[in-house]
Colleague: 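Here you go, one structure.
So you know, we letter chains A, B, ... as the sequences are listed, proteins then strands, and number each from 1.
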Protein chains: 2
Amino acid sequence: MTKNRIISAAIEEFAEHGYHAATIRDICKRAGVNIAAINYHFSGKAELYRRSLEMIFSFKQPLPCADKIKSDSDLKSVMKSWIMAFLYRGNDKKILENRLMEKIAYHEMLTPSVIFDEIFDAYLMPDVVSLEKILRKGLPPDTSEKEIKMRIFSVLGSCKFYFFHYRIVEKIWTEGDFLEDNMDMIVDYITAQSLLGLKFS
Amino acid sequence: MTKNRIISAAIEEFAEHGYHAATIRDICKRAGVNIAAINYHFSGKAELYRRSLEMIFSFKQPLPCADKIKSDSDLKSVMKSWIMAFLYRGNDKKILENRLMEKIAYHEMLTPSVIFDEIFDAYLMPDVVSLEKILRKGLPPDTSEKEIKMRIFSVLGSCKFYFFHYRIVEKIWTEGDFLEDNMDMIVDYITAQSLLGLKFS
DNA sequence: GCAAAATTCAAACACGCGATTTAAACTAAC
DNA sequence: GTTAGTTTAAATCGCGTGTTTGAATTTTGC
């Protein structure tokens with residue numbers, strides 16, 4: 001179907017070049033479709049972008065939450081599974097959609113479009129919320145908000161580095177896909193770091 | 001001098017919008033200069049970009065290195081000063097150049113120009129080398145290369161998050177500049193994390 | 001003081017972009 | 001076979017881009 005081919009091509013072009021740098025002509029060329037099809041099936045580039053994001057973000061899966069935590073050992077395993085899911089989701093080549101989501105989110109981070117807020121709310125915020133709940137289970141109730149946020153930022157930074165700075169990773173580690181080849185080690189390390197100073201660790 | 005005013009304005013525009021999205025009209029408007037001046041003083045937009053990067057990256061200062069480490073307590077303090085310098089350098093509003101460097105580097109990360117390699121070698125690699133030396137001082141000699149790289153990536157991720165994902169930081173922490181207001185806590189936390197499992201810690 | 005060089009300026013150029021329109025051709029359903 | 005829905009190629013439009021032009025202006029050197 002033409003409509004779907006356009007959206008698929010649009011997602012890849014938007015992920016590669018961002019909204020502004022992506023051109024309708026390249027999208028149509030990639031989709032093997034006439035230029036007029038954009039204005040026939042959608043009302044224009046802006047609407048196509050909106051629909052493309054709707055499509056790609058519909059694949060998003062919720063991350064492990066703190067609801068399952070009953071004991072301290074649960075806390076550790078849930079934290080680990082959160083980090084693993086966060087990392088694996090972004091890297092799994094079978095789930096290409098997540099890679100595209102990351103790229104689009106990164107373009108929005110540098111050159112936000114009008115729907116930056118929507119992307120933040122729909123894509124990143126749910127992960128942050130679940131991570132925060134997990135962290136709070138391991139921290140004393142009088143922990144300052146600053147420290148909780150700082151811990152969130154640290155986990156996000158350690159994980160997201162592999163996606164956004166993948167060009168750096170590739171330059172420093174040239175023997176294959178570093179994240180994919182060392183997933184277990186990385187997950188364990190970030191997990192241990194994230195639990196640093198928590199009540200049971 | 002016109003030439004310098006153009007370069008200053010160009011650096012800011014390139015940092016804000018990246019090479020492709022930055023326009024020479026905006027650069028000239030910001031510099032208060034006629035459009036033709038770009039092609040008179042430089043040969044065009046590409047050359048202006050090259051010269052602008054030359055200028056901004058000339059401000060780069062080397063980070064603390066492992067040479068000063070004599071004891072285990074030295075290791076900890078050197079690591080801390082590396083992290084503080086890395087964070088502070090990118091955030092210090094008095095040293096605006098470093099903030100601009102970061103932004104330009106991020107644009108290059110997403111949409112690399114032909115001089116991406118030069119930027120990587122001149123801007124990031126020296127920091128990585130000094131960090132690696134510090135880490136090696138605290139790790140047993142038989143530590144795998146993978147683990148060393150992973151620790152590097154983790155430190156870089158935790159630090160760089162505050163710069164690249166500053167829009168996320170601003171959304172999650174709305175009460176002022178999170179990094180600037182909590183520099184000590186953040187530096188101590190990342191330092192402690194980076195030393196996790198090291199021989200003396 | 002003045003001629004020559006360097007610089008600045010307003011205006012225009014060529015090109016590619018996104019948006020839109022047109023009329024024709026094709027497809028599927030009834 | 002007719003009709004409605006879809007796809008196509010081509011053209012036009014207005015706009016923004018980097019670049020160029022040639023004249024006006026300022027600075028320099030003697």
Colleague: What about A:Arg25: does its side chain form a donor-acceptor pair under 3.5 Å with the base of C:dG18?
Modeller: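 Answer yes: a donor N or O sits under 3.5 Å from an acceptor.
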Colleague: Taking the six-membered ring of A:Phe120 as reference, does the cationic atom of B:Lys171 (NZ for Lys, CZ for Arg) lie under 6.0 Å from its centre and within 45° of its axis?
Modeller: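 That pair qualifies as a cation-pi contact.
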Colleague: To the nearest Å, give me how far apart NZ (A:Lys45) and C1' (D:dC15) are.
Modeller: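 It works out to 14 Å between those atoms.
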Colleague: Under a 4.0 Å heavy-atom cut-off, which of residues 26-43 of chain B touch DNA chain C?
Modeller: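 The stretch gives B:Asn34, B:Ala36, B:Tyr40, B:His41 as the residues lying under 4.0 Å from the strand, ordered by number.
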Colleague: Working to the nearest 0.5 Å, report the span between CD1 of A:Ile38 and CD1 of A:Ile6.
Modeller: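 These two atoms lie 4.5 Å from each other.
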Colleague: Look at all strands and tell whether B:Ile24 reaches a base, only sugar-phosphate, or nothing, counting heavy atoms closer than 4.0 Å.
Modeller: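 Base: the residue B:Ile24, judged by heavy atoms under 4.0 Å, touches a nucleobase.
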Colleague: In whole Å, I'd like the distance from the CD1 atom of A:Ile6 to the C1' atom of C:dG18.
Modeller: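 Atom CD1 in A:Ile6 sits about 15 Å away from atom C1' in C:dG18.
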Colleague: For B:His165 and A:Tyr106, I'd like to know if the aromatic rings sit close, meaning centre-to-centre distance below 6.0 Å.
Modeller: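 Yes: the rings meet the under 6.0 Å criterion.
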Colleague: Assess the side chains of A:Glu102 and A:Tyr123: does a donor N or O sit below 3.5 Å from an acceptor N or O?
Modeller: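 Yes - a donor-acceptor pair under 3.5 Å links their side chains.
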Colleague: Does a side chain donor of either A:Gln193 or A:Ser154 reach within less than 3.5 Å of an acceptor in the other side chain?
Modeller: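 A:Gln193 vs A:Ser154: no donor-acceptor pair found between side chains.
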Colleague: Without hydrogens or angle criteria, can the side chains of A:Thr191 and A:Asp188 be said to hold a donor-acceptor pair below 3.5 Å?
Modeller: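 The criterion, which ignores hydrogens and geometry beyond distance, is not satisfied for A:Asp188 and A:Thr191.
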Colleague: Name every residue in residues 13-23 of chain B that has at least one heavy atom under 4.0 Å from any atom of DNA chain D, in order of residue number, or write none if there are no such residues.
Modeller: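 Those residues whose heavy atoms fall under 4.0 Å from DNA chain D, taken from residues 13-23 of chain B in numerical order, are B:Ala22, B:Thr23.
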Colleague: Roughly how many Å is it from CG in B:Leu48 to C1' in D:dT19, rounded to a whole number?
Modeller: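 Distance, rounded to whole Å: 14 Å.
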Colleague: Given A:Tyr166 and A:Phe161, is the ring-ring contact (aromatic ring centres under 6.0 Å, His included) satisfied, shown in steps?
Modeller: CA-CA 7 Å; A:Tyr166 69 95; A:Phe161 183 85; over 10 Å; no
Colleague: Starting at CE of A:Met79, measure out to CG of A:Leu131 and round the result to the nearest 0.5 Å.
Modeller: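 Going from the CE atom of A:Met79 to the CG atom of A:Leu131 covers 6.0 Å.
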